[in-house]
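Encoded as structure tokens, the structure appears first; notes follow it.
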Amino acid sequence: MTSSLILGIESSCDETAAAVVRGEHQVLSNVVASQHELHAKFGGVVPEIASRAHIERILPVIEDALAQANVTLTELDAIAVGNRPGLIGSLLVGVAAAKTLAWAARKPLVGVDHVRAHLVAAALEDEPIAYPAVGLVVSGGHTSLYHLNGPTQLHVIGRTIDDAVGEAYDKVAAILQLGFPGGPAVDRLAKQGDPAAVKLPRTLLAKDSLDFSFSGLKTAVLYHVRGMPTGRGRAAQFERDASELTDQQKADVAAGFQAAVTDVLIKKLGRAVGRLREQGTAVHSLVVGGGVSANSALRARTQTFADEHALALRLPKMKYCLDNAAMIAALAVHDLQAGNTADLSLEAVATTGS
Ligand code: KG4
Ligand code: ZN
């Protein structure tokens, strides 16, 4: 069963994706149709446009994934779909496609939690993860810390109380007029900047808190770049905008922001590992996933952290950091093994506790 052949389908946000995976490691195909170009001019994902694009792309993407893997529907052991959390209209497209295929091909259907799937992405085309572990998901929609005892045995030990890290990256990119999606642009620009040139806050919340808050940092960047506003909300008028900054000044803001974000993430990882070990819980690995796990500074800092704390660092390969369907299929292997399958009443769910 652990070498089951699974078709994964992912459509929770603005990537239409399908993949065929054998067991939890062997990726036979991984097709991702990104919609970034459709949303770029709006500066963020427009849900209506996303659902429409998913409808147009889902069948060709699934056909491509099967063809590239050289696998037919009848050979599959199951069809898995990320059915939660995400944009409801987007999720519905993947769920409807998965249900239809499962019904037509008489295959088991597995509904997968997208955020949890990010936590097994590091095992794709790589070694199994050694548990227990501390998990960190940093994406456009989520920033959460986990105590992991296995791919499906996990509990949340901390989460953001306001913005997700990826969201903060995207907003800072918008403030600096770098385009969408902003994370990779801020990451690139930060390499040219001095992280100490602009002093930005590190919000750590209560002394032992494992939760995160990034909205203060985002606002500090906004005021630094655009000056103090007069008026509130949509009526706010700013003194200037990013076009008045030199390239070096912009790079310094990007570097300062990135340093503040990574400082906070590393600090919270330290608290999480410290707390679990104080409680007598073994922690063997640090598992990171989600779009921001592609970030160069975070990858470097988590490596140093893992070395200092005698942890095996598990970062996904770059192509598995961002949304993909291989991770959906990889997590479904465990559900299928546990008999945890769904029927045609499987629903798309916009929010979950993960
Ligand atoms: O996991 P993901 O593809 O989608 C969600 O589940 O939300 O994450 C997308 C997020 C976006 O906010 C994007 O700006 C961010 O990941 N991101 C990055 C980098 N690459 C993508 N953030 C910082 N540095 C990067 N290199
Ligand atoms: Zn994601």
Side-chain angles (χ1 to χ4, degrees), residues 8-17 19 30 32-36 39-40 43-45 47 50 54 81-87 90-91 94 112-122 124 135-144 159-160 163-176 178-191 193 212 214 217-218 221 254-262 264-265 287-302 315-328 330-331 350-352 354:
I9 298 174
E10 155 63 34
S11 69
S12 66
C13 189
D14 61 342
E15 262 95 24
T16 318
N30 179 46
V32 183
S34 151
Q35 305 174 5
H36 292 163
H39 303 286
V45 178
H54 283 307
V81 60
N83 73 318
R84 63 193 191 275
L87 299 171
S90 291
L91 287 167
V112 168
D113 183 300
H114 173 97
V115 185
R116 292 178 174 208
H118 274 302
L119 288 167
V120 295
L124 291 166
L136 173 69
V137 174
V138 274
S139 72
H142 291 82
T143 302
S144 301
R159 56 158 50 109
T160 182
D163 293 357
V165 182
E167 193 182 349
Y169 263 96
D170 292 335
K171 286 180 180 161
V172 165
I175 295 166
L176 291 174
L178 301 178
F180 172 84
V186 174
D187 191 358
R188 269 193 305 276
L189 190 59
K191 295 194 174 102
F212 303 92
F214 293 106
L217 172 59
K218 177 193 70 189
V221 170
F257 166 76
Q258 184 149 290
V261 165
T262 36
V264 169
L265 292 173
V287 183
V288 190
V292 186
S293 61
N295 183 264
S296 59
L298 185 61
R299 291 177 87 90
R301 296 278 305 272
T302 47
L315 284 169
K317 297 190 189 317
M318 292 300 262
K319 62 184 165 188
Y320 302 129
C321 291
L322 296 171
D323 286 349
N324 66 85
M327 66 182 191
I328 301 288
L331 183 54
T351 53
T352 60
S354 63

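Here the structure is a predicted model, which means the values were calculated and not measured. Numbering of ligands and ligand atoms starts at 1, following listing order.
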Should Ser293 and His118 count as side-chain neighbours, where that means a heavy-atom distance under 4.5 Å? no

What I'd like to find out is whether the side chain of Asp113 reaches to under 4.5 Å of the side chain of Pro85, using heavy atoms alone.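 They are in contact (side-chain heavy atoms under 4.5 Å apart), so the answer is yes.
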
Can you find a non-hydrogen atom of [X] under 4.0 Å from ligand 1?
{"X": "His114", "value": "yes"}
{"X": "His142", "value": "no"}
{"X": "Gly141", "value": "yes"}

Test salt bridge (charged side-chain N to carboxylate O under 4.0 Å, His left out) applied to Lys171 - qualifying residues, sequence neighbours left out: Asp163, Glu167

Residues passing the salt bridge (charged side-chain N to carboxylate O under 4.0 Å, His left out) test with Arg301, sequence neighbours excluded, are Asp263

Could you say whether the N/O atoms of [X] and ligand 1 ever approach to under 3.5 Å?
{"X": "Tyr169", "answer": "no"}
{"X": "Gly140", "answer": "yes"}
{"X": "Ser296", "answer": "no"}
{"X": "Leu322", "answer": "no"}
{"X": "Pro181", "answer": "no"}

Rounded distance (nearest 0.5 Å) linking atom [atom1] of [X] with atom [atom2] of [Y]:
{"X": "Asn30", "Y": "Lys317", "atom1": "CG", "atom2": "NZ", "result": "12.5 Å"}
{"X": "Thr302", "Y": "Leu265", "atom1": "OG1", "atom2": "CG", "result": "9.5 Å"}
{"X": "Phe214", "Y": "Phe257", "atom1": "CZ", "atom2": "CZ", "result": "8.0 Å"}

Considering only protein heavy atoms, which is closest to atom 21 (C) of ligand 1, and at what distance to one decimal place?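 Nearest neighbour among protein heavy atoms for atom 21 (C) of ligand 1, to 0.1 Å: Gly291 O, 3.4 Å.
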
What protein heavy atom sits nearest atom 18 (C) of ligand 1, and how far away is it? Gly183 CA, 3.5 Å

Report, in ascending order of atom number, the atoms of ligand 1 lying under 4.0 Å from any heavy atom of [X].
{"X": "Asp187", "result": "24 (N), 25 (C), 26 (N)"}
{"X": "Ser139", "result": "1 (O), 5 (C), 6 (O), 7 (O), 8 (O)"}
{"X": "Ala294", "result": "26 (N)"}
{"X": "His118", "result": "1 (O), 6 (O)"}
{"X": "Gly166", "result": "12 (O)"}

[X] to [Y] - nearest heavy-atom pair and separation:
{"X": "Ser90", "Y": "Ser11", "result": "O-OG, 2.7 Å"}
{"X": "Ala121", "Y": "Met327", "result": "CB-CB, 4.1 Å"}
{"X": "Ala173", "Y": "Gly182", "result": "CB-CA, 3.2 Å"}

Assess the residue pair His54 and Gln35 against the criterion (side chain to side chain contact (heavy atoms under 4.5 Å, CB included)); give the C-alpha distance rounded to whole Å, side-chain angles, the decisive distance to 0.1 Å, and a yes or no. CA-CA 9 Å; His54 283 307; Gln35 305 174 5; 3.4 Å; yes

Considering Asp170, Val186, Asp323 one by one, which has a heavy atom nearer to atom 12 (O) of ligand 1 than any of the others? Asp170

Nearest neighbour of atom 24 (N) of ligand 1 from the list Val45, Asn295, Thr143, on a heavy-atom basis: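 Ranked by closest heavy atom to atom 24 (N) of ligand 1, first place is Asn295.
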
Tell me, please, which residues at least two apart from Ser12 pass side-chain hydrogen bond (donor to acceptor under 3.5 Å, both in side chains).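 With sequence neighbours excluded, Ser12 shows a side-chain hydrogen bond (donor to acceptor under 3.5 Å, both in side chains) to Glu10, His114, given in chain and number order.
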
Mind checking how many protein N/O/S atoms fall short of 2.8 Å from the Zn ion (ligand 2)?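 That number is 3, waters not included.
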
Carefully, step by step, assess Tyr169 and Asn295 under the rule side chain to side chain contact (heavy atoms under 4.5 Å, CB included). CA-CA 10 Å; Tyr169 263 96; Asn295 183 264; 3.3 Å; yes

Taking the side chain from Thr143 and the backbone from Thr160, do they hold a donor-acceptor pair closer than 3.5 Å? no

